[in-house]
Amino acid sequence: MRRSAWLAGLLLASLAPAAAQESVNSPAPTLVIAGQVAHPRTVTLAELQAMPAATVDVATTTSAGVQHVTYTGPLLWTLVQAAQPVGEPGRGNTALQHTFLARGQDGYAVALSIGEIDPRMEGKQVVVANARDGQPMATLRLVVPGDLHAARSVRDLVAVEVR
Ligand SMILES: Nc1nc2c(c(=O)[nH]1)N[C@H]1C(S)=C(S)[C@@H](COP(=O)(O)O)O[C@H]1N2
Ligand SMILES: [Mo]
């Protein structure tokens, strides 16, 4: 395993118990941005709420028909850019090499790629939602607009690992 990947794993492992502890002691969720970035950090709910937010409409098909819900929060793109993904040395333009593993409190994780959310590419408005239909949420949720199934809608989002 590359040393950098090992370090990222260690960082995530050491932060996970702290995050779990926090949800017991305090209702305010936090989000760890780590991995192949120059500036790994833990973003607090207050910081997320202070960032420019996008609102996306998500349609879910249920037995009762199609239901629309709106989610509001900063774009994943904004958070990732602030952390500054770093490429592998000597590989030229590495901007599009990155993928993300977005992880929930329960360990559930889904992958996305930077090309999906880069505004110059697919530009999908993937948000780290902290409000649903305008109401504040107690936990964070990754929202991927346009998905037909909700499997990438990671609830209790606690970490985004940049790879
Ligand atoms: N943390 C976490 N998020 C998750 C899952 C999970 O098991 N854990 N299941 C996914 C799947 S498969 C679906 S269909 C949706 C269901 O969303 P809901 O349980 O909030 O309605 O959550 C997604 N997000
Ligand atoms: Mo699902």
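All figures in this text were calculated on a predicted structure; none of them were measured in a lab. Numbering of ligands and ligand atoms starts at 1, following listing order.
- Taking both residues in full, the closest heavy atoms of V162 and P85 are given as CG1-CB, 4.2 Å, listed atom of the first, atom of the second, then distance.
- Between V56 and P145, the shortest heavy-atom distance links the atoms CG1-CG, 4.1 Å.
- From the protein, the heavy atom lying nearest to atom 24 (N) of ligand 1 is S153 O, 2.8 Å.
- Protein heavy atom in closest approach to atom 11 (C) of ligand 1: A151 CA, 3.7 Å.
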Working note: D57 + T70, criterion side-chain hydrogen bond (donor to acceptor under 3.5 Å, both in side chains); need CA distance, chi angles, decisive distance, verdict. CA-CA 4 Å; D57 181 282; T70 66; over 6 Å; no
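- The protein heavy atom nearest to atom 8 (N) of ligand 1 is D106 OD2, 2.8 Å.
- Ranked by closest heavy atom to atom 17 (O) of ligand 1, the top entry among R103, R152, H149, R141 is R141.
- Listed here is the closest heavy atom pair of L142 and R152: CD2-O, 3.6 Å.
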Is there a side-chain hydrogen bond (donor to acceptor under 3.5 Å, both in side chains) between R155 and T139 once you walk through the steps? CA-CA 7 Å; R155 72 179 106 81; T139 58; over 6 Å; no
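- Within the 4.5 Å cutoff, the side chain of V144 has no heavy atoms near those of the V154 side chain.
- Among protein heavy atoms, the minimum distance from atom 7 (O) of ligand 1 is reached at Y108 CD1, 3.5 Å.
- Under the 4.0 angstrom criterion, atom 21 (O) of ligand 1 counts as lacking any protein heavy-atom contact.
- Under the 4.5 Å side-chain heavy-atom criterion for Ile, Leu, Val, Met, Phe, Trp and Tyr, Y108 and L101 are members of distinct hydrophobic clusters.
- For ligand 1, the atoms sitting less than 4.0 Å from at least one non-hydrogen atom of V154 are 3 (N), 24 (N), numbered in the order shown with element in parentheses.
- Taking distance alone, with nitrogen or oxygen atoms compared against 3.5 Å, D156 stays at or beyond that limit from ligand 1.
- Annotation: atom 15 (C) of ligand 1 to nearest protein heavy atom, A150 O, 3.5 Å.
- For the atom pair E122 CD and L112 CG, the distance stands at 10.0 Å (nearest 0.5 Å).
- Residue Q105 has no nitrogen or oxygen atom sitting less than 3.5 Å from a nitrogen or oxygen atom of ligand 1, judged on distance alone.
- Of all protein heavy atoms, the one lying nearest to atom 16 (C) of ligand 1 is R155 NH2, 4.1 Å.
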